Amino acid sequence: MADKIDELLSDYFSGKIEMQIKLRKLDLQTPLVYDENIGGGKAQNKHVRLVDDILIREDEDTVLQELYKLRDQQQMITDILSTFDSELIRMANLRYDRRKRKYEWKHIALLFNADESTCRKKIRKFKKEFNNKFWRID
């Protein structure tokens with residue numbers, strides 16, 4: 001369970017979910033068929049509704065719908081984190097954000113003028129409370 005919470009917090013603080021949604025939308029916007037009209041004939045009933053086609057593909061895409069569910073989960077995490085102390089959230093951000101280098105406990109302890117074991121205990125308590133709140137709502 002702890003690995004699941006670690007992965008969830010790491011994805012949240014790193015912004016992975018939003019990046020996956022943006023990449024999937026870009027993937028859906030690329031045209032699937034290129035018609036070069038090699039035969040030279042005129043197309044009579046050709047429709048050109050690029051925006052409509054993109055919106056239909058986004059609505060029907062199951063991968064994108066799953067990512068939207070993850071975005072809802074991300075909003076729920078934001079709501080849960082708003083109940084915690086800002087210093088504790090900053091500590092968790094330093095620990096779990098993948099975009100920055102992952103801070104070691106000694107660096108986090110130096111930033112917060114605390115002992116390493118104290119920081120570990122705070123994060124462990126934070127994860128336990130977060131786990132209880134997150135799975136109770138979900």
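Source: prediction; values computed, not measured.
- The two residues Ala114 and Cys119 have their closest heavy-atom pair at CB-SG, 4.0 Å.
- Inter-residue side-chain proximity for Tyr103 and Asp97 is flagged as unmet; no heavy-atom pair is nearer than 4.5 Å.
- The pair Arg24-Asp27 counts as a salt bridge, with a side-chain nitrogen and a carboxylate oxygen less than 4.0 angstrom apart.
- For the pair Arg95 and Trp105, the minimum side-chain heavy-atom distance is below 4.5 Å.
- If you take CG on Leu88 and CZ on Phe112, they are separated by 8.5 Å, rounding to the nearest 0.5 Å.
- No path of Ile, Leu, Val, Met, Phe, Trp and Tyr side chains, each step under 4.5 Å between heavy atoms, connects Leu23 with Leu64, placing them in separate hydrophobic clusters.
- With Gln74 as the partner, the side-chain contact (heavy atoms from CB on, under 4.5 Å) test is satisfied by one option alone out of Leu8, Asp79, Ile17, Ile21: Ile17.
- The minimum heavy-atom distance linking Tyr96 with Ser10 is given by the pair O-OG, 3.3 Å.
- Side chains of Lys16 and Arg98 form a contact here, defined as non-hydrogen atoms less than 4.5 Å apart.
- Between Ile5 and Lys127 the shortest heavy-atom distance is CG2-CG, 4.2 Å.
- If you take CG on Leu111 and CE on Met91, they are separated by 9.5 Å, rounding to the nearest 0.5 Å.
- Under the 4.5 Å side-chain heavy-atom criterion for Ile, Leu, Val, Met, Phe, Trp and Tyr, Met19 and Phe13 are members of distinct hydrophobic clusters.
- Between Gln65 and Glu58, the shortest heavy-atom distance links the atoms NE2-O, 3.3 Å.
- Every side-chain hydrogen bond (donor to acceptor under 3.5 Å, both in side chains) that Thr78 has, sequence neighbours left out, goes to Tyr12.
- Here the CG-CD1 distance, from Asp61 to Ile56, works out to 13.5 Å after rounding to the nearest 0.5 Å.
- Considering only heavy atoms from C-beta on, Arg124 comes within 4.5 Å of Arg120 through its side chain.
- With hydrophobic clusters built from ILVMFWY side chains whose heavy atoms lie under 4.5 angstrom apart, Leu94 does not share a cluster with Leu110.
- Residue pairs meeting the side chain to side chain donor-acceptor pair (under 3.5 Å) criterion with at least one partner in residues 81-90, sequence neighbours excluded, are Thr83-Lys133.
- In this structure, the separation between OG1 on Thr118 and CD on Glu116 is 10.0 Å, given to the nearest 0.5 Å.
- Rounding to the nearest 0.5 Å gives a distance of 13.0 Å between CG of Leu67 and NZ of Lys22.
- Between Arg71 atom CZ and Gln75 atom CD the span is 10.0 Å, to the nearest 0.5 Å.
- Under the 4.0 Å criterion applied to side-chain N and carboxylate O atoms, Lys4 and Glu7 are not assigned as salt-bridge partners.
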